[in-house]
Number of protein chains: 4
Amino acid sequence: MAEKKRVIIDTDTAGDDTISILTALHYFQVEGIMVTGGNVQFDQQVENALYTVQVAGKNEEVPVFKGYERPIMGLGENQHRTVEDVHGKDGMGDSFFEKAINSPSEGHAVDYLIETVHKYPGEIHILAIAPLTNIAMAIKKDPTIISKIPHLYIMGGTNNALGNITPSAEYNFYVDPEAAKIVLHSGIPITMVGWEMCTQFSIMNDQDHEDIEALATKGSQFFKDVNKVVMKFNKSVHKLNGTTHPDTLLAAVAANEQIMTKSNLYHVDVETAGELTRGYSLVDVNNRLERPKNVRVCEAIDQKAFKEMVLEVLGAII
Amino acid sequence: MAEKKRVIIDTDTAGDDTISILTALHYFQVEGIMVTGGNVQFDQQVENALYTVQVAGKNEEVPVFKGYERPIMGLGENQHRTVEDVHGKDGMGDSFFEKAINSPSEGHAVDYLIETVHKYPGEIHILAIAPLTNIAMAIKKDPTIISKIPHLYIMGGTNNALGNITPSAEYNFYVDPEAAKIVLHSGIPITMVGWEMCTQFSIMNDQDHEDIEALATKGSQFFKDVNKVVMKFNKSVHKLNGTTHPDTLLAAVAANEQIMTKSNLYHVDVETAGELTRGYSLVDVNNRLERPKNVRVCEAIDQKAFKEMVLEVLGAII
Amino acid sequence: MAEKKRVIIDTDTAGDDTISILTALHYFQVEGIMVTGGNVQFDQQVENALYTVQVAGKNEEVPVFKGYERPIMGLGENQHRTVEDVHGKDGMGDSFFEKAINSPSEGHAVDYLIETVHKYPGEIHILAIAPLTNIAMAIKKDPTIISKIPHLYIMGGTNNALGNITPSAEYNFYVDPEAAKIVLHSGIPITMVGWEMCTQFSIMNDQDHEDIEALATKGSQFFKDVNKVVMKFNKSVHKLNGTTHPDTLLAAVAANEQIMTKSNLYHVDVETAGELTRGYSLVDVNNRLERPKNVRVCEAIDQKAFKEMVLEVLGAII
Amino acid sequence: MAEKKRVIIDTDTAGDDTISILTALHYFQVEGIMVTGGNVQFDQQVENALYTVQVAGKNEEVPVFKGYERPIMGLGENQHRTVEDVHGKDGMGDSFFEKAINSPSEGHAVDYLIETVHKYPGEIHILAIAPLTNIAMAIKKDPTIISKIPHLYIMGGTNNALGNITPSAEYNFYVDPEAAKIVLHSGIPITMVGWEMCTQFSIMNDQDHEDIEALATKGSQFFKDVNKVVMKFNKSVHKLNGTTHPDTLLAAVAANEQIMTKSNLYHVDVETAGELTRGYSLVDVNNRLERPKNVRVCEAIDQKAFKEMVLEVLGAII
Ligand SMILES: [Ca+2]
Ligand SMILES: [Ca+2]
Ligand SMILES: [Ca+2]
Ligand SMILES: [Ca+2]
């Protein structure tokens, strides 16, 4: 256990976030989980995170902290756009699981992150599988953490490809582009896995789902439950023949960089001001802008290896 | 003493901030002072705040907290625009006072604000005489403080008048328009004293300065020292024949609303996206947009009463 | 007659445009009139222009040309905002005058303008009392006219004051800010009379209306007719006690610059990108931006002299 | 000859524009050519267009008209971005051909277009291989042409892919996004061939160039000359192993829609307001915005058929 890397997960726990958390719990020493506003109602997300930790049997070890419920520029009564149509009303494929045993820990997620980074300087890797509000706010509150974070893995944005929430934007960047901008310009070493990696390399088709079901573990049953709604959504909206697993792919890449068969360092930025392009991620593949290369962008995945990792994770939860 | 209202001051302490603090210390029960990035270098501002409290002889009572050094969207190495040309290199009219006895208190200003508002619900009035970063960040971190803040007095913006840092914007709104937007839309009851109130009603001409000097107190000497540089700046840049006291005017209005001889409730908002108008404050005087009226805007001041207040404050510091 | 200056008028003929046209017809050699989209339905405006020329008895001399019906960025079916509430359904105070004898002349207004400027190089002054679409499009189509236009008088924008169509914008700049931007940056010598000049110096109160009525001319009757609706609108919306005459003031200033008792050369620009500030006119009174001074901005009017001019114009139409 | 479709070409003649013009001259009844500001200096482009027509031996038949030299929002002295690095100083691979025999025709390109569309209602197809300034300005000047243009073929934009002038934008849309917006929203039936079609399907590698050279015609020699500089540019900047022929591909698609093996009708729009995304083309492949489908977007090409067309065109110029 001792040699596992320490990570903190930042999640808007719904759907694939759960499998991502299970993956991280399997491969990392997860210090804690931060919840941020995103996919579905905030308190439901907190509950989903707690329940997922419980499924993995890590109740005693892994605290869950509440963070920012809304994007930086979420004003007054305006709610940001949640996506219950993708993940089900409870964000768990309409499984409506029983209430988790644990409650969220005291204190704000951002203070927990700042404190933990200072406690283990250079050791806390961050897995960001949600809008980047919490991470941006931590950086702003205490910029001295920047040099103490060895790496930040972000599921978000696209690399010159179609978005998922609008044609020009991926959901996590779209919900809080100001946060994404703060994080991308922070100086923290970043690896980004964009939405197009997920549509190309993370899809689980019917055969894959059968293979997982054949595991017949608590993990495989949980996987089946939470993916019910997203399967239908992907077929009708994204014209995809299977379920997508962006957050799980991010955790797998962080756990085993070898499955990332192609990547490059590029200048990456995010649009906050456009009329049609709020949340658009600019990836300067040909270095036309000659700006600093701040993000390692994942460009290909060994899909088979990824699936083996998922099978290993789900098979181990018995 | 017991009947004085509790306030917390948020300041980028330089020049007129100091006289504003003295004014607040005279008329209010000042619980604490928060420093935010603005006029001059941050640590100099903290030092200026501590020194000002010392001048008032309130070292033992009034803690100073460090807050956000930079605007919400201040990215990477970009500094926001400081204005040493207005206030002198030290922000104190190039007086280069000796170091203050006290040091800033432990903890982040924003956590101090949140804690204190919850400690005295409905009692903590806020005087905002700086970019609104700290206040916005407090609201975002804990929106439950909103309903517990009875009133927020803001020096900032303009009411359909020329700005001071650009033609379209006043400095405090310009430095952090995202913060201003968050605060204006928060639902907290707000009184705004804009820059045009200061150019019309807060100017101290040569006679006024002589009257203050005639007080021959420690307070009057301090006033003379900190206003050396701004006097020249106002004449050359703003074509104003005297010193301006926006922050002091704000504190005076908060202490004695009677000196505000005209005010109205309007819809007020701030531009964040314009090419020429970043930080512009929209004040919908004729209600053309038919949006909620969220700010009481100060439209006229009893200038004589204001000056008497300043004389009282400076005369009492002996 | 020979010594009168040549002008071309660009108008969205409704309400005060008519009195402005009468004023120009009185004091200038009006070569022609161009109509642009603005106040009310385009064909109604053309009709209003023709009828106004007829009232002045200049049917034979002054052609009316149809120009751009819609702003540069008026897309697809989107109509720009017309203001029948200000000027009446017909733009003539709901007077529903009989049809004009003349018809508009053949050819596009912009081609007429380009041709005429080349025909009388250095002689054609332009009076712009409408959105600046036609003038911008002429400049873009043939930039060589720029150096041949001695002066352009614009009714539009505000000088750091409240707008009339939104809090931040005056109507003519708001309807087509891209056109305003093209014109302001063209290099043509410009005098601008902003909306705040009109609310301060062009207002005709009840006594003024009585004085005009006492003329008992065809001109005074026409004035009375077209101002019926705007009188009510100004009282209810702009809290103004009388009728405003922005376009007439512009023509009067052009005819007799002596009535402009204060003016200065400033850098003037217009916002096209803001969320709240589309059409905002930046006037850099204190030269904070240190950009080229491109516009002479009218800052005060001899109101008495202006009214005498109006009385002279209306008295002469018998 | 009689059964050939009538077209008008709008071009910023440099590099591949010339081969595109030769292609159009081969397959269509080209009524005329309009030049717009774009790739290189305007007068050089006009010269290049004239010379290209001469190469094809159509001097007597095909007039060349000068249009807008600069984008709609090209202000004052600001030049738009020309790309001599891509096409050579003369836009012809630094071939510095002798001066063309013909001169451009009298009249403005936009008036020529309007007149010709009205002359042959429903017959004039437009090939747009340049920034869309001329076409937008024609639409604005006379919207009644819209219903008389049967089809507009546009080389421009990208379909959720990397741009060529910035990461987010293709050159033609980037130079004049306001024009692109006007055209896309006009209601004219449009086929768009984006930059990613060109990098995927229009590339001519060394073998292709040898095949062309083997034709040993005046046409093949001309092709060789004009492609000298772009070959090097594509290798170093776009990492492409060959020359790209976006404009020729557009003409080929218009001449023979069968080579377009995949296409779909989508909502397409262009960003004008973004900080990083000016000129970005939004293509709503999954109809997430549920807006009108206004553009048929080319999604695949029969590359072999395309090359055969080019060989046929160049082989016929002897
Ligand atoms: Ca997630
Ligand atoms: Ca201050
Ligand atoms: Ca008008
Ligand atoms: Ca071209």
Side-chain angles (χ1 to χ4, degrees), chain C residues 36-37 42 65-80 107-115 133-134 136-147 176-188 190 267-275 277-278 291-292 294, chain D residues 36-37 42 65-80 107-115 133-134 136-147 176-188 190 267-275 277-278 291-292 294:
Chain C
T36 196
F42 188 75
F65 292 87
K66 295 166 82 165
Y68 284 83
E69 299 195 19
R70 314 222 358 238
I72 297 175
M73 296 309 295
L75 302 176
E77 298 303 306
N78 297 327
Q79 288 299 324
H80 70 272
H108 195 285
V110 158
D111 293 322
Y112 166 74
L113 177 62
I114 291 170
E115 190 185 316
T133 320
N134 282 341
M137 290 290 87
I139 290 170
K140 293 303 295 186
K141 190 174 182 197
D142 184 357
T144 69
I145 63 172
I146 290 171
S147 63
D176 199 340
E178 281 78 14
K181 200 165 191 87
I182 289 166
V183 170
L184 289 169
H185 286 79
S186 67
I188 299 174
I190 294 172
H267 176 73
V268 177
D269 203 345
V270 61
E271 177 69 67
T272 59
E275 186 190 343
T277 50
R278 192 164 158 79
R291 294 182 188 162
N294 53 337
Chain D
T36 196
F42 188 76
F65 292 88
K66 294 166 83 165
Y68 283 84
E69 299 194 19
R70 311 214 10 230
I72 297 175
M73 295 310 294
L75 301 176
E77 299 302 305
N78 298 327
Q79 289 298 326
H80 71 272
H108 194 286
V110 157
D111 292 323
Y112 166 74
L113 177 62
I114 291 170
E115 191 186 315
T133 320
N134 282 341
M137 290 290 87
I139 290 170
K140 293 302 297 186
K141 190 173 181 198
D142 183 359
T144 69
I145 63 172
I146 289 171
S147 62
D176 198 341
E178 280 79 12
K181 200 165 190 87
I182 289 166
V183 170
L184 289 169
H185 286 79
S186 68
I188 299 174
I190 294 172
H267 176 73
V268 177
D269 203 347
V270 60
E271 177 68 67
T272 58
E275 186 190 343
T277 50
R278 192 162 156 80
R291 293 181 189 163
N294 52 337

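Quick note on labels: first sequence line is chain A, next is B, and so on, each numbered from 1. What you are looking at is a predicted structure, and each value in this text was computed from that prediction instead of being measured.
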**Prompt:** Could you walk me through whether Asp111(D) and Asp111(C) pass the side chain to side chain contact (heavy atoms under 4.5 Å, CB included) check?
**Reply:** CA-CA 10 Å; Asp111(D) 292 323; Asp111(C) 293 322; 4.3 Å; yes
**Request:** Measure the spacing between CD1 of Ile72(C) and CD1 of Ile182(D) and express it to the nearest 0.5 Å.
**Result:** 7.5 Å
**Spacing of Met73(D) atom CE and Thr272(C) atom OG1 [to the nearest 0.5 Å]** = 5.5 Å
**Request:** To the nearest 0.5 Å, tell me how far Lys140(D) NZ sits from Thr133(C) OG1.
**Result:** 8.0 Å
**Message:** Using side chain to side chain contact (heavy atoms under 4.5 Å, CB included), reason through His108(C) and Ile114(D) one step at a time and then give a plain yes or no.
**Reply:** CA-CA 12 Å; His108(C) 195 285; Ile114(D) 291 170; over 6 Å; no
**Complete:** When the 4.5 angstrom heavy-atom criterion is applied to Pro71(D) and chain C, the contacting part is backbone
